[in-house]
Amino acid sequence: MSTTLQASASAVDVAARRPARRRARFRVRGNEIAILGVMLVGLLVLVALLAPLLATHDPERLSMTTRLRPPSSQFWFGTDEFGRDLYSRIVYGSRISLLVAATVILIATAIGVTLGAIGAYRGGRWDEGVMRLADVFMAFPDLVLAMALSAAFGANLVSAIIAVSIVWWPTYARLIRGQVLSLKQQVYVEAARTVGAGELRIIVRHLLPNTLSPLLVRITTDIGYAILYTASLGFLGLGAQEPTPEWGRMIATGRLYLLDQWWYATLPGLAIFLTVLGFTWLGDALRDWTDPRTRNAP
């Protein structure tokens, strides 16, 4: 009798949960913004991976006889002031943008997660020191501080990457600090301490894995902004230098020809716009999916 009642209760529970799961899956499939974000990001990654196959010309080959040509069957996006094919330069620029964004996020996340987790777990002077250091960097506008650091390190792509990484690590430190502070008093953490687990093991094995969801959402959104920031530094002459096919640098030069050769600055700008938009939409979709309140809403 008892076994029968338990089986009936389990069946009812499964049946009650099944519609909610269907609704959650339906909402994800029907979320046009998420689908568009995935498509844009997937297209960018595909273009970056297949750049040598997709490019129609050498992105750095000079040809003064074809300078500033409008879009045509020979030059799909036109040419620049040195006769270089803009389509090929934009295609190769996607590689540089993704590589720069990945490097910036990797450095900023490594520094921020390490300092934020250690400070929050140890507390006291450790936590105070990390947060006051973060406050120093966050007291300045992000782009202004990145410009100053990039100019101090030297105007090149590596300096731009380091500058943006230094500017962004406090964001990740604060995010991880808040998560660790809410988790370090949980029962499983106390149990790990009781059995003699060390500080590093507790942070790595028990705390950080439970912060991956908000961290992943933040990283996805920030990839687009990392591309935008490095393009901004390139536009100001503090990032990639010629002949590197970097989108921000192309816009900076193309604005000088904007009235007569509109394609020069417009098409690299459109590439940046679509890339940032794709990562932003993807980040919003991940946030909605990983938030139980949003995911399980009727």
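Computed from heavy atoms alone, side chains included, the values below leave out hydrogens, waters and symmetry copies.
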Close side-chain approach of [X] to [Y], heavy-atom, < 4.5 Å:
| X | Y | result |
| --- | --- | --- |
| Leu238 | Met147 | yes |
| Thr253 | Glu242 | yes |
| Val130 | Ile118 | no |
| Thr244 | Ile96 | yes |
| Tyr229 | Leu233 | no |
| Leu68 | Tyr264 | yes |
| Tyr87 | Leu267 | no |
| Thr230 | Val164 | yes |

Hey, can you pull the donor-acceptor pairs under 3.5 Å for the side chains in residues 131-146, sequence neighbours left out?
| residue | atom | partner | partner atom | Å |
| --- | --- | --- | --- | --- |
| Arg132 | NE | Asp135 | OD2 | 3.0 |
| Arg132 | NH1 | Glu128 | OE1 | 3.4 |
| Arg132 | NH1 | Glu128 | OE2 | 2.7 |
| Arg132 | NH2 | Asp135 | OD2 | 2.7 |
| Asp135 | OD1 | Arg174 | NH2 | 2.2 |

Give me the atom names and distance for the closest heavy-atom approach of [X] to [Y].
| X | Y | result |
| --- | --- | --- |
| Thr79 | Trp263 | O-NE1, 3.3 Å |
| Ile176 | Gly116 | CG2-C, 4.3 Å |
| Asn156 | Ser159 | OD1-N, 2.8 Å |
| Trp168 | Ala108 | CB-CB, 4.0 Å |
| Arg61 | Arg84 | O-CG, 3.1 Å |

Is it true that atom CZ of Arg67 has more than 12 heavy atoms of other residues, nucleotides or ligands lying nearer than 6.0 Å?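 Count over threshold, so yes.
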Is the number of heavy atoms from other residues, nucleotides or ligands under 6.0 Å of Phe235 CZ greater than 12?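 More than 12 heavy atoms, drawn from other residues, nucleotides or ligands, come within 6.0 Å of this atom.
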Sequence-distant partners of Trp281, ring pair (Phe, Tyr, Trp, His ring centres under 6.0 Å), two or more places apart: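 Residues passing ring pair (Phe, Tyr, Trp, His ring centres under 6.0 Å) with Trp281: none at all.
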Under the rule for ring pair (Phe, Tyr, Trp, His ring centres under 6.0 Å), what residues qualify as partners of Trp126, not counting sequence neighbours?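 Checked Trp126 against ring pair (Phe, Tyr, Trp, His ring centres under 6.0 Å); zero matches.
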Are the side chain of Thr221 and the backbone N or O of Arg218 linked by a donor-acceptor pair below 3.5 Å?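 Not at all, since once roles are kept as given, no pair shorter than 3.5 Å links the two residues.
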Main chain of Gly239, side chain of Gln241: is a donor-acceptor contact present, judged purely on distance under 3.5 Å?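 Between the backbone of Gly239 and the side chain of Gln241 there is a qualifying donor-acceptor contact (under 3.5 Å).
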Could you pull out every donor-acceptor pair under 3.5 Å between side chains of residues 36-59 and any protein atom, sequence neighbours left out?
| residue | atom | partner | partner atom | Å |
| --- | --- | --- | --- | --- |
| Thr56 | OG1 | Asp85 | OD2 | 3.2 |
| His57 | ND1 | Asp85 | OD2 | 3.4 |
| Asp58 | OD1 | Glu60 | N | 3.0 |

Nearest 0.5 Å please: distance from the CD1 atom of Ile223 over to the OG atom of Ser97.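 So the CD1 of Ile223 and the OG of Ser97 are separated by 12.0 Å.
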Which pairs count as salt bridge (Lys or Arg N to Asp or Glu O under 4.0 Å) when at least one residue sits in residues 248-272, sequence neighbours excluded?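 Every candidate salt bridge (Lys or Arg N to Asp or Glu O under 4.0 Å) pair involving residues 248-272 fails, so no pair, neighbours aside, qualifies.
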How would you list, by chain and number, every residue that makes a side-chain contact (heavy atoms from CB on, under 4.5 Å) with Leu256, sequence neighbours excluded?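 With sequence neighbours excluded, Leu256 shows a side-chain contact (heavy atoms from CB on, under 4.5 Å) to no residue whatsoever.
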